[in-house]
Undergrad: 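If you scroll down you'll find the structure; I have some questions about it.
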Amino acid sequence: GVTADGGIAAKRSVSTWSTNDYARHLHSFSYRVLREGQYPRFTVYQLAADNYNGISNPSFAYGNGEGLIGTWAGDPPASQSHLSDFSRVQCQGPPPCWFALETPAELAAQDKIADRGLVVRRWQARLGGVDYP
């Protein structure tokens, strides 16, 4: 698809397969900037929506191939993913990098579990003619 202003074209593919423990999905994205533009907020990939998250106040953890780097929990709710403390965590260190939203212990004890995780095994970008990473 293409953004409403015609500035960015996106290609996406998603594969899902069955397992006995966790749902597994492979997401592939490609974005091509067609022309210069300004966006008040631009999100390439978001784990849980701003106003629909399924659980209240999940905690957040992130890490890399060596293990846990950091965690975040508390007010404001993690579902406010546009807040700077929560939304600008970057992949650091040896791959893969990973990000997780975890169900609070009191809800997990009630079998209301809605943990989610994202493992980034490979990514690349070209911004302003510069290749990343």
Undergrad: Phe29, Leu118: one ILVMFWY side-chain cluster at the under-4.5 Å cut-off?
TA: yes
Undergrad: How far apart are the closest heavy atoms of Arg121 and Pro96, and which atoms are they?
TA: NH1-CG, 3.8 Å
Undergrad: With the side chain counted from C-beta on, respond yes when Arg35 and Asp5 share a heavy-atom pair under 4.5 Å apart, and no when they do not.
TA: yes
Undergrad: In terms of ring plane angle, is the pair Phe99 and Tyr62 parallel, tilted or perpendicular, where the classes change at 30° and 60°?
TA: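 Aromatic pair Phe99/Tyr62 classed parallel.
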Undergrad: Would a 4.5 Å heavy-atom cut-off, applied to side chains only, mark Trp98 and Leu68 as touching?
TA: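 Result yes, sub-4.5 Å side-chain heavy-atom pair found.
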Undergrad: Is Val119 linked to Trp17 within one hydrophobic cluster, defined over Ile, Leu, Val, Met, Phe, Trp and Tyr using a side-chain heavy-atom separation of less than 4.5 Å?
TA: no
Undergrad: Would you kindly confirm whether Tyr31 and Val120 end up in one hydrophobic cluster when ILVMFWY residues are joined by side chain heavy atoms under 4.5 Å apart?
TA: yes
Undergrad: How many angstroms lie between CZ in Arg12 and OG in Ser30, if you round to the nearest 0.5 Å?
TA: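 OG of Ser30 is found 10.5 Å from CZ of Arg12.
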Undergrad: Flag yes if Val44 and Leu101 sit in one hydrophobic cluster, no otherwise; membership is Ile, Leu, Val, Met, Phe, Trp, Tyr, and two members link when side-chain heavy atoms are under 4.5 Å apart.
TA: yes
Undergrad: Say you draw a straight line from CD of Gln92 to SG of Cys97; how long is it, rounded to the nearest 0.5 Å?
TA: 9.0 Å
Undergrad: Between His27 and His25, how do the two ring planes meet: parallel, tilted or perpendicular, split at 30° and 60°?
TA: perpendicular
Undergrad: Take atom CZ of Arg32 as the centre, draw a 6.0 Å sphere, and report whether it contains more than 12 heavy atoms from other residues, nucleotides or ligands.
TA: no
Undergrad: Okay, side chain of Thr3, backbone of Ile8: is any donor-acceptor separation there less than 3.5 Å?
TA: yes
Undergrad: Establish whether Trp123 and Leu26 are linked, either directly or via other cluster members, by ILVMFWY side-chain heavy-atom contacts under 4.5 Å.
TA: no
Undergrad: Nearest heavy-atom pair of Gly6 and Leu34: which atoms, and what distance?
TA: O-CD1, 3.5 Å
Undergrad: So, Asp131 side chain and Arg126 main chain: donor-acceptor pair closer than 3.5 Å or not?
TA: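 Checking the backbone N and O of Arg126 against the side chain of Asp131, no donor-acceptor pair under 3.5 Å is found.
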